Structure formats: C-alpha cells, structure tokens
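One structure is given below, encoded as structure tokens.
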Amino acid sequence: TAAAEKVEDAENYRKMADDYLNTLKRVQADFENYKKRVRKEKADTIRYATEGLLTKLLGITDNLKRGADCATNLTNPNCLEDMIEGINLISKQFHDLFAEYGIVPYESVGAPFNPALHECICLTERDDLPENSVVEEFQTGYKIHDRVLRVAKVSVSKKPESQSDNSAPACEEIAGDKT
C-alpha cells in the first residue's frame, strides 16, 4: 500500500543515489588517471623535445668528423680543397637547420643603427653616409621568428669632426677581432 510504495520509492532513490555515487567515483578515478597520464606525457615531451634537432645535429657532427679525419691526411693533394668544400657544406647545413627552426640572419650593413638589433663596437667617421648608419658587421645578428636571438656587432658611422671624440673606440683598434 502507501507505506510499501514509500519504502519501494526510498529503495529506488537509494539505488539511484548508489549508482550516482559509483558513477562519480569512476569519473573521479578516471580523471585522476587522466591527470597522471597528462603529467607523464608532458614530462616526456619536455624530456624529448629536442630529439629531432639533436638527430639533425648528429649528421652535421659526422661531417665535422670527416673533415677532421681529412685534415690528418695532409698527404692527399686534394685535402685542402676538400676541407674548404666540407666546411662550406657544414655551414650550409647549419644555416638550413637554423632556418627550419625559424632562426634567420638579418642584414645590418646600410641600415640605421637600432640598439634592439645592433651592438655598436666602434664608430667610423664617414661623410658619405648618414650619421648612425651601420657601416660594417663584425658578427651577424639572428632572429628566431619575430624575436632577436642575437644582436649584430657593428661599426656605426659618424660625421667627421675636427676634434677626435674618444667616447667610442676607433674601428682600427678592433679590426683584428672580427668573429
């Protein structure tokens, strides 16, 4: 009767509550497992993120070893030419690899001096160029995508003065220090 129906309804609600509780426990356990899996995948991604790059660098290292092996065999008359060709190829491999990862050199000579892109190593008196123009590049600057990775080391023009200004070194002082 009515009391029996209430007991039956209460049991049905208890079963539903138990089902919901069991479902909630499974979802919580699944979520905890998901979090553990994501943490492990993230750690693995970080740990092996450079794998592709390093694999490509191994090929370049092999070519460097070949060049060093060639250098020890100076009796071969073609060795010097082979070494020069090998060094040029290795340089090209590096630049191709850099470009693949978004690292590209930027042109500085002739551009206006920009402290975000250039480090002024010395000043050069030039009356044929606008003041603060890059005259010479001692070390190439590189960007990675839209950020500066390394600034270019440059010589910057200044107008000739009757008196010498000693605020920056003359380029002759570091001409032998090109890199």
Side-chain angles (χ1 to χ4, degrees), residues 1-73 82-121 132-134 136-156 177-179:
T1 66
E5 284 181 22
K6 287 184 181 181
V7 169
E8 189 177 323
D9 285 344
E11 285 180 25
N12 286 338
Y13 287 128
R14 192 175 1 234
K15 285 180 187 177
M16 284 176 45
D18 288 343
D19 286 345
Y20 288 138
L21 183 60
N22 288 334
T23 300
L24 176 63
K25 286 179 182 178
R26 278 193 303 276
V27 168
Q28 283 178 324
D30 288 346
F31 186 64
E32 286 302 316
N33 290 335
Y34 168 78
K35 289 192 321 188
K36 288 177 189 175
R37 188 174 65 247
V38 166
R39 276 194 295 269
K40 183 185 180 318
E41 288 172 1
K42 182 179 178 183
D44 285 349
T45 298
I46 290 169
R47 185 173 183 187
Y48 298 108
T50 57
E51 183 177 7
L53 170 65
L54 296 175
T55 300
K56 292 173 183 175
L57 286 174
L58 289 174
I60 296 173
T61 301
D62 293 340
N63 290 335
L64 284 170
K65 182 174 181 341
R66 285 186 199 99
D69 291 345
C70 179
T72 61
N73 185 12
D82 290 347
M83 282 182 16
I84 291 169
E85 182 181 345
I87 289 169
N88 287 331
L89 288 172
I90 290 168
S91 178
K92 182 184 177 331
Q93 282 181 298
F94 269 117
H95 282 92
D96 290 348
L97 181 62
F98 292 159
E100 187 177 327
Y101 283 84
I103 300 170
V104 293
Y106 56 87
E107 187 63 35
S108 294
V109 175
F113 175 75
N114 178 344
L117 300 174
H118 308 117
E119 178 183 344
C120 179
I121 301 299
N132 293 320
S133 294
V134 174
E136 186 177 1
E137 184 177 71
F138 298 108
Q139 188 176 59
T140 304
Y142 287 88
K143 287 185 177 184
I144 182 166
H145 304 295
D146 59 344
R147 285 188 180 170
V148 174
L149 182 62
R150 180 179 80 185
V151 297
K153 293 185 179 182
V154 298
S155 169
V156 177
D177 193 29
K178 285 186 180 182
T179 52

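Because the structure is a prediction, the values reported are computed rather than measured. Along the sequence shown, residues are numbered consecutively beginning with 1.
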For the side chain of Y106 and the backbone of V148, is there at least one donor-acceptor N/O pair under 3.5 Å apart?
no

May I ask you to decide if I87's main-chain N or O and S91's side chain share a donor-acceptor pair within less than 3.5 Å?
no

Any side-chain heavy-atom pair from L97 and I103 closer than 4.5 angstrom?
no

Less than 4.5 Å apart, any side-chain heavy atom of H118 and any of V156?
no

Roughly how far apart are [X] [atom1] and [Y] [atom2], rounded to 0.5 Å?
X: F31; Y: K36; atom1: CZ; atom2: NZ; answer: 12.5 Å
X: Y101; Y: H145; atom1: OH; atom2: NE2; answer: 10.5 Å
X: K25; Y: D30; atom1: NZ; atom2: CG; answer: 14.5 Å
X: E136; Y: I121; atom1: CD; atom2: CD1; answer: 11.0 Å
X: E5; Y: N12; atom1: CD; atom2: CG; answer: 11.0 Å
X: L89; Y: I84; atom1: CG; atom2: CD1; answer: 12.0 Å

Specify the closest pair of heavy atoms between [X] and [Y], including all atoms of both residues, with the distance to one decimal.
X: A152; Y: G141; answer: CB-N, 3.5 Å
X: E137; Y: T140; answer: OE1-OG1, 3.5 Å
X: S108; Y: V154; answer: CB-CG1, 4.2 Å

Before you tell me yes or no, could you show the steps for K65 and D69 under salt bridge (Lys or Arg N to Asp or Glu O under 4.0 Å), namely the whole-Å CA-CA distance, both residues' side-chain angles and the distance that decides it to 0.1 Å?
CA-CA 6 Å; K65 182 174 181 341; D69 291 345; 3.2 Å; yes

Which class fits the ring pair H95 and F98: parallel under 30°, tilted 30 to 60°, perpendicular over 60°?
perpendicular

With sequence neighbours excluded, residues passing side-chain contact (heavy atoms from CB on, under 4.5 Å) with R47
none

Evaluate the side-chain contact (heavy atoms from CB on, under 4.5 Å) criterion for residues R147 and L149: first the C-alpha distance (whole Å), next the side-chain angles of each, then the deciding distance (0.1 Å), finally the verdict.
CA-CA 6 Å; R147 285 188 180 170; L149 182 62; over 6 Å; no

For K92 and N88, what are the C-alpha separation, side-chain angles and deciding distance, and is it a side-chain contact (heavy atoms from CB on, under 4.5 Å)?
CA-CA 6 Å; K92 182 184 177 331; N88 287 331; over 6 Å; no

State plainly whether the residues [X] and [Y] are in salt-bridge range, i.e. N to O under 4.0 Å.
X: E32; Y: K35; result: yes
X: K15; Y: D19; result: no
X: D18; Y: R14; result: no
X: D44; Y: K40; result: yes

What residue pairs, at least two apart or across chains, pass side chain to side chain donor-acceptor pair (under 3.5 Å) with a residue in residues 51-64?
K56-E100, N63-R66, N63-Q93

